[in-house]
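Taking it in order: structure first as structure tokens, then the write-up.
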Protein chains: 2
Amino acid sequence: MTASSCYTRTWTTQRAPGLAKAKRTLKWQRDPEGMRLRILEAAKQEFSAHGLAGARVDRIAAKAGANKRMLYYHVGNKDELYLAVLEGAYDKIRSEERGLDLEHLDPPEAIRRLIEFTWNYFLRNPEFLSLLQTENLARAKHLKKSTKVKSMHSPFVEMIRTVVRRGVESGDFQVAVDPVQLYISIAALSFFYLSNSAALSVIFGRDLLDKKAKDERLAHMSGLVLAALTGRSVELFEIAKAPKSRSAVAQTV
Amino acid sequence: MTASSCYTRTWTTQRAPGLAKAKRTLKWQRDPEGMRLRILEAAKQEFSAHGLAGARVDRIAAKAGANKRMLYYHVGNKDELYLAVLEGAYDKIRSEERGLDLEHLDPPEAIRRLIEFTWNYFLRNPEFLSLLQTENLARAKHLKKSTKVKSMHSPFVEMIRTVVRRGVESGDFQVAVDPVQLYISIAALSFFYLSNSAALSVIFGRDLLDKKAKDERLAHMSGLVLAALTGRSVELFEIAKAPKSRSAVAQTV
DNA sequence: ACAGTATTTATCCAACGGGTTAATTTCTCC
DNA sequence: GGAGAAATTAACCCGTTGGATAAATACTGT
């Protein structure tokens, strides 16, 4: 319950290292940029772990090694803090995506790469999933106030649109598909699986996050999307075997 | 802020309608079953609207036209209440699914029907989406305590497994696919689109919930899954047109 | 008609939680 | 070396909230 003390800032530094006499002991040190970053990082953890209403401003301060007042001084109130975190999260994923360089791959390979990237990004950044879920439960009320976020996405959509068009022209893809629909589907297949893995693991009685399950999932998703686009049914798709004894599977999360 | 009074119970009934003298006025009336139902319904609304931490016990009581004490008397504390709501929600969807009668349709038609049902069910029951999201943010801690829920799903998985097997045997499906993967994918395509429509509408700058968008989404999803399974690229898949002026689209939610 | 139980109402409260105010300390520039 | 601005700490405020206690009222069987 009580905030875990990730680390306590021990700014009890010596001043004026040369002088022997004047070695005053500082109680703390100024560091506005660092403070802001620590606050945002702590807030990201707290919001993704507890949601918007569940997040505690005091815990964020504690995790950031800061006084609660600092949150308001450097960022703003709880909602503004949340928006800042969210913008940072979107910025990070879209900027990594830009590095994928899909334009120079042949279309099926580009799509496969996008799928794999999305899957791995979500795996590596579970807080991103939580933050989005939380924002959607709030009906995107924070995002609607953001100006930055909207502009970050048109280039991304155009990138996918180009890949699809090239695929159709080269004959690799059977069908032209709306890039927004396609991206939403690609994101959906990973997002839902991962963000709901806790509940899904319980209701289906098998651990969806162990190594084998994750490999199978990636193969399934790539196969599904690429088969639909190209018409050629790619490798994948494990055969459906009827369980004999329905042995209970551990549900380590 | 103050709880909206959905309806106020006016139990100020006349007793003993035949007798003229003894027409006592009751302050309230007993109704344990009805009370329990009203509490669960109110709780469903509150939890789906505000999440777990955001939900207010007092508001639930007010919405149910009950005294707060009643929640604890009839169901339990906040967490037990939430679990009860969740179990009810799962029970409802799985029971409707049983009525789909997929066993007697030819496999592609069965899958299409499952996709359409899932989509429409999520559209008709947005609280279901919220409840699941909330539960997953809580890492399924409530579901793990449930005994009922686990057993509700094996028959459902077997139903899909059978459809897939029949499809492979008849040659309709190119590939055998794990029924759990398939169902997760089908659910994912609808779930993510709808549960994240608020944020997606903002970042992509178009209203994903208007009539046209919804029709397109259903076509896209059916096309994607059936094309992948059958190899024949079904109708659908709108051509990707480059926007000329990128006209702003209203974002009614 | 009455006793006993089930159901519901009426209050209370202590901890919490977001946000604010005011005082303190550090840094920068002249 | 000192004044003024920036950054940080410390302490407080006050409405909220989940939950509890006790008293009141309705029903049931006899």
Side-chain angles (χ1 to χ4, degrees), chain A residues 1-3 8-16 19 21-39 42-43 46-47 50-83, chain B residues 1-3 8-16 19 21-39 42-43 46-47 50-83:
Chain A
M1 271 302 166
T2 17
T8 32
R9 286 192 300 157
T10 45
W11 285 142
T12 326
T13 330
Q14 313 296 97
R15 229 279 201 74
L19 302 170
K21 259 294 181 40
K23 59 171 180 183
R24 273 187 54 216
T25 296
L26 292 173
K27 293 187 179 171
W28 46 268
Q29 211 171 270
R30 285 190 182 184
D31 181 19
E33 300 85 1
M35 176 68 91
R36 193 186 149 87
L37 287 181
R38 270 179 293 131
I39 288 172
E46 177 72 10
F47 282 127
H50 303 283
L52 188 55
R56 294 292 164 253
V57 173
D58 299 81
R59 274 196 301 243
I60 295 175
K63 263 181 236 171
N67 186 287
K68 184 167 52 162
R69 179 69 177 76
M70 291 291 86
L71 312 191
Y72 298 91
Y73 184 76
H74 287 287
V75 189
N77 66 18
K78 199 179 182 184
D79 285 298
E80 295 169 310
L81 194 49
Y82 182 75
L83 176 57
Chain B
M1 269 305 164
T2 16
T8 33
R9 288 192 299 157
T10 46
W11 286 140
T12 326
T13 330
Q14 313 296 99
R15 231 277 200 74
L19 303 170
K21 259 301 183 32
K23 59 172 178 184
R24 270 187 57 216
T25 295
L26 291 174
K27 293 189 179 172
W28 46 269
Q29 210 171 272
R30 283 190 182 183
D31 181 19
E33 298 86 1
M35 176 68 90
R36 193 185 149 88
L37 287 181
R38 269 179 295 132
I39 289 172
E46 178 71 11
F47 282 127
H50 303 283
L52 188 55
R56 293 294 163 251
V57 174
D58 300 80
R59 274 198 301 243
I60 295 175
K63 263 181 237 172
N67 186 287
K68 185 166 50 164
R69 179 69 176 75
M70 292 289 87
L71 312 192
Y72 298 92
Y73 184 77
H74 287 287
V75 188
N77 66 17
K78 201 180 181 184
D79 285 298
E80 294 169 309
L81 195 49
Y82 183 74
L83 176 57

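Below, each value reflects all heavy atoms present in this structure, side chains not excepted, and no hydrogens, waters or symmetry copies.
Taking both residues in full, the closest heavy atoms of B/E80 and B/V75 are given as O-CG1, 4.2 Å, listed atom of the first, atom of the second, then distance.
Look at CZ on B/R38: it is 11 Å from C1' on C/dT8, rounded to the nearest Å. When the P atom of C/dT7 is taken as reference, atom CZ of B/R30 falls 6 Å away, rounded to whole Å. Across the protein-nucleic acid pair, B/H50 atom NE2 and D/dG18 atom C1' stand 16 Å apart, rounded to whole Å. Rounded to a whole Å, the CD atom of A/E33 is 15 Å from the C1' atom of D/dT8. If you take CE of A/M35 and C1' of D/dT8, they are 7 Å apart, rounded to a whole angstrom. When rounded to the nearest whole Å, the span between CD of B/E80 and C1' of D/dG18 equals 13 Å. Summarising the geometry, the separation between CD1 on B/I60 and P on D/dT17 is reported as 12 Å, rounded to the nearest angstrom. Between the OH atom of B/Y73 and the P atom of D/dA26 there is a distance of 16 Å, given to the nearest Å.
Counting heavy atoms from C-beta on, the side chains of B/H74 and B/Y72 never come closer than 4.5 Å. Contact annotation: the side chain of B/R36 never approaches that of B/E33 to less than 4.5 Å [non-hydrogen atoms, C-beta and beyond].
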Q: Scan nucleotides 11-24 of chain C nucleotide by nucleotide, 5' to 3', and note B when protein non-hydrogen atoms come under 4.0 Å of the base, S if they reach only the sugar-phosphate, - if neither.
A: ------SBBBB---

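Atom NZ in B/K78 sits 5.5 Å away from atom CG in B/L52 (nearest 0.5 Å). Atoms CD1 and CZ, on A/I60 and A/R38 in that order, are 14.0 Å from each other to the nearest 0.5 Å.
Evaluation of the side-chain contact (heavy atoms from CB on, under 4.5 Å) rule for A/H50 yields A/E46, A/R59 as partners, not counting sequence neighbours. Remark: B/N77 engages no residue in a side chain to side chain donor-acceptor pair (under 3.5 Å) (not counting sequence neighbours). Remark: A/F47 engages A/Y82 in a ring pair (Phe, Tyr, Trp, His ring centres under 6.0 Å) (not counting sequence neighbours).
Within the structure, a side-chain polar atom (N or O) of B/H74 is placed less than 4.0 Å from OP1 or OP2 of C/dT8.
DNA chain D forms stems at C:1-30 with D:1-30, each a run of 3 or more consecutive Watson-Crick or G-U wobble pairs whose two key distances fall under 3.5 Å.
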Q) Run the side-chain contact (heavy atoms from CB on, under 4.5 Å) check on B/M70 and B/N67 step by step: do they pass? A) CA-CA 6 Å; B/M70 292 289 87; B/N67 186 287; 4.3 Å; yes

